[in-house]
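Data first, discussion second: the structure below is written as C-alpha cells.
Residue numbers run from 1 in the order of the sequence given. Predicted model only: the values in this text are computed from it and were never measured.
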Amino acid sequence: VPIRLDDGIVSARMFFVAYTKDGADVKTRPIAFLYNGGPGSATIWLHMGSFGPKIAKMAEEGFQPAPPYDFVDNPNSLLDVSDVVFVDAMDTGYSRVTPGTDNNQFHGQSGDIRAFGEFIAEYLRIYDRYPSPKLLIGESYGSIRSAGLAEELQSRHGIELNGVALLSALLTYQTLRTAPNNDIAYAIQIPTFAATAWYHKKLPTSLQEKTVAEVVDDARTFAFGDYILALTKGHTLSDTERNAMAEKLAHYTGISVEFILQANLRVDAARFRKELLRERRLVVGRLDSRFTALDADAAGDRQEFDPSNTALAGPYVAAFRDYVKNTLKWESDLHYMTRGNVRPWTYVQNNYMDMTDALRSTMARNPFLKVFVICGYYDMATMVGGIEFSMTHLAYDSQITDRVSFGYYEGGHMMYIRPSAHAALKKDIAAFIRSACDR
C-alpha cells in the first residue's frame, strides 16, 4: 500500500497480508489490523503464531522444536469472526521507503503512528472497507502504537474504531524502566516474579499449592500494598522494617533474603532472571519465563541470551519464508527483515513515554469503543502489573473504565505459542470482537 504524507507524494510502501472472506457483507464483517512492536519488529510473530490460517509448528507446550521446521493449520484462527490484515512497520518485513525518502522520519513515536494511520485509511479506501466494523490488535510496543493510532485515526482521518485489543500490553515506560526515583517499576514486577517462581517450583509450599492465578492475586496485593509503601520510604526505612520486607519479598519471589537485602529491596527483572535458578546454572526467559537456558558464566549479573526469543526465531522465519513463497505465491528480491534497524527511535515527550491519555481521549470521544487487555502470566518483557497499573489510571469515570476488560493466560509475551493458552485467547478475543461490533 502506498503511503503519502502532506505533500501527496508516495514516500513509502507498507507490506501487508490480508485474509478476507469472499462474498461477505462488508457492513457487518469486522476487519482487524494486526502488528507486532519492538520498535523494529516485523509482524511475522503474530502472522505465524496467532490468528492467521497457518502457524509455525512448535514442540509440545510451545517450546523449541528440532529443525527443519514446518507450518500447520491454525486451529485458533480468527477468520470465523473477522477478516485480518497483518501489517509490517516501516523498515521491517518488506515495508520500505521510496528512493530519495529519509526513512528516519518513520523511526519514532509520531512518524510510526502517522504511517500506520495512512496505511489503514488507504487500505479501507482501496478495498472498500470503510463501512466495516474496525479493530486494532497490537502486540508489545504495538499496544503503545494502538493507543496513539486510535487517536490518529480519529483526529486526522475521521475513522472511528469498534475495538482495540492490547496484547502483552504497555502504555507507559514508567512501569518498564526502573530508576532510583521510580519505585512503581519495581512494584509492578512482583506478580510476574511470583508466577515465574511458582512455575519453576521455587515458592514455599503454601504458595505452590495454589493456582498461578491465585499466586498472582496474592503477590499483587502485597506489591501494591506493603511493598510499595516500604519503597516510598527510601533510606528512612528502619532495619527492622527492611529485614521484614526482605522476608516477604523472598516469600513471593523465590529469591534469597540476602540477595534482596543486597539489592536494597529492589531486584530488577534482568537480575531476577539470572538469580532465580542460579544454583542450577540456568537463566529464565524474558519473553516467556517458562523457558530456561545455560549461560557461559553462571556467576554473572545478566543473562547471555533470551532462550524464549531464540527458540522462536528459527521456526517462525523458516515457516514464514516457505509459506509466503510457496503457498501465497508472493516473491520479492527484498530481504524480509524480522528486526529492522530503526534506531535511534524518537519520542515526542521529555519524560517517560506515555500513551495512557491518548487512549482515554479517544474513548471519551468515541463512547462505543471497547478495549480488551491481554496478559501473559510469564511475560517478563511487558509485565501484567504494568498494564494493570496503567489501566487503573486510565480514567476515573465508569463510562470509560467499564469498557475495558482483561484476559489472563498461562503463557508468556506471545502466549499463543502455548496451545492451551492459544485456545483460551482465541475464545476470549472472538467474544470481544462480537461484543465490540454488535450494534
Side-chain angles (χ1 to χ4, degrees), residues 14-20 32-38 40-80 82-89 91-96 137-140 142 167-168 285-288 290-291 293 305-340 374 376 379 381 409 411-423 425-426 429:
M14 291 181 72
F15 177 77
F16 72 96
V17 178
Y19 301 93
T20 58
F33 296 91
L34 297 89
Y35 34 79
N36 280 94
S41 174
T43 303
I44 183 175
W45 318 107
L46 280 172
H47 194 166
M48 298 306 297
S50 65
F51 304 123
K54 306 290 183 181
I55 53 175
K57 185 178 181 181
M58 300 296 289
E60 187 176 359
E61 291 297 288
F63 289 112
Q64 185 173 3
Y69 307 114
D70 198 3
F71 59 87
V72 295
D73 289 339
N74 183 5
N76 299 303
S77 167
L78 276 179
L79 296 178
D80 56 329
S82 177
D83 292 340
V84 292
V85 184
F86 297 94
V87 191
D88 286 329
D91 283 328
T92 77
Y94 291 126
S95 296
R96 300 288 192 279
I137 303 177
E139 178 181 306
S140 195
L167 198 159
S168 300
R286 174 177 174 267
L287 295 180
D288 192 326
R290 297 177 303 134
F291 288 71
F305 64 97
D306 177 9
S308 54
N309 185 31
T310 56
L312 300 180
Y316 274 60
V317 171
F320 178 79
R321 288 177 173 164
D322 178 20
Y323 174 62
V324 168
K325 179 179 180 180
N326 297 311
T327 301
L328 299 186
K329 306 297 183 183
W330 196 91
E331 293 192 59
S332 171
D333 57 2
L334 292 174
H335 172 61
Y336 187 89
M337 296 190 295
T338 59
R339 295 186 181 279
I374 300 163
D379 178 3
Y409 307 91
H413 195 64
M414 293 174 277
M415 69 288 295
Y416 43 78
I417 70 171
R418 191 177 192 183
S420 58
H422 194 189
L425 174 60
K426 157 59 196 289
I429 202 166

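The backbone N or O of Asn74 lies less than 3.5 Å from no partner atom in the side chain of Ser77, so there is not a single donor-acceptor pair. Using a distance-only test at 3.5 Å, with no hydrogens or angles considered, a donor-acceptor pair links the side chain of Ser95 to the main chain of Asp88.
In this view, Asp288 and Arg290 satisfy the salt bridge (Lys or Arg N to Asp or Glu O under 4.0 Å) rule, not counting sequence neighbours. Tyr416 is linked by a side-chain hydrogen bond (donor to acceptor under 3.5 Å, both in side chains) to Glu139, counting only residues two or more places apart in sequence or in another chain. With sequence neighbours left out, the side-chain hydrogen bond (donor to acceptor under 3.5 Å, both in side chains) criterion links Asp91 to Asn103, His107. Residues satisfying the ring pair (Phe, Tyr, Trp, His ring centres under 6.0 Å) criterion with Tyr409, sequence neighbours excluded, are absent altogether. The side chain to side chain contact (heavy atoms under 4.5 Å, CB included) check on Thr327 picks up Phe71, Tyr323, with sequence neighbours excluded. Applying the side chain to side chain contact (heavy atoms under 4.5 Å, CB included) rule to Ala318 yields the partners Tyr69; only residues at least two apart in sequence or on another chain are considered. Taking Asp83 as the reference, Arg29, Arg129 meet the salt bridge (Lys or Arg N to Asp or Glu O under 4.0 Å) condition, with sequence neighbours excluded. By the ring pair (Phe, Tyr, Trp, His ring centres under 6.0 Å) test, Phe33 pairs with Tyr123, sequence neighbours left out. Evaluation of the side-chain hydrogen bond (donor to acceptor under 3.5 Å, both in side chains) rule for Ser140 yields His413 as partners, not counting sequence neighbours.
The two residues Ile55 and Pro75 come nearest to each other via the heavy atoms CD1-CD, 4.2 Å. Nearest heavy-atom pair, Ser168 versus Asp379, reported as atom, atom and distance to 0.1 Å: CB-OD2, 3.5 Å. Listed here is the closest heavy atom pair of Gly285 and Ser308: CA-OG, 3.7 Å. The two residues Tyr316 and Gly49 have their closest heavy-atom pair at OH-CA, 3.5 Å. Asn76 and Ala423 make their closest contact through OD1-CA, 3.4 Å (heavy atoms, listed as atom of the first residue, atom of the second, distance). Between Lys426 and Leu78, the shortest heavy-atom contact is CD-CD2, 3.8 Å.
The closest side-chain heavy-atom distance from Ile137 to Ile429 is below 4.5 Å. Counting only heavy atoms from C-beta outward, the side chains of Val84 and Leu79 approach each other to under 4.5 Å. Residues Ile417 and His422 fail the side-chain proximity criterion, which asks for heavy atoms closer than 4.5 Å. Taking 4.5 Å as the limit, every side-chain heavy atom of Asn309 sits out of range of all side-chain heavy atoms of Arg286. You'll find the side chain of Leu34 reaches within 4.5 Å of the side chain of Phe51, heavy atoms only.
Below 30°, between 30° and 60°, or above 60°: for Phe15 and Tyr336 the angle between ring planes is above 60°, a perpendicular geometry.
Aromatic ring centroids of Phe86 and Phe16 lie 6.0 Å or more apart.
Under the side-chain hydrogen bond (donor to acceptor under 3.5 Å, both in side chains) criterion, the residue pairs touching residues 42-56 are Tyr19-His47, Ser41-Trp45, Lys54-Asp73, with sequence neighbours excluded. The stretch residues 308-323 participates, sequence neighbours left out, in no salt bridge (Lys or Arg N to Asp or Glu O under 4.0 Å) pair at all.
The distance from atom CG of Leu167 to atom CG of Leu425, rounded to the nearest 0.5 Å, is 6.0 Å. To the nearest 0.5 Å, the span separating CZ on Arg96 from OG on Ser332 amounts to 7.5 Å.
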Donor-acceptor pairs are to be reported for all side-chain atoms of residues 56-65 against protein atoms at under 3.5 Å, with residues two or more places apart or in another chain.
residue: Glu61; atom: OE1; partner: Arg418; partner atom: NE; Å: 2.6
residue: Glu61; atom: OE1; partner: Arg418; partner atom: NH2; Å: 2.8

Is there a side-chain contact (heavy atoms from CB on, under 4.5 Å) between Thr338 and Val317 once you walk through the steps? CA-CA 8 Å; Thr338 59; Val317 171; 3.7 Å; yes

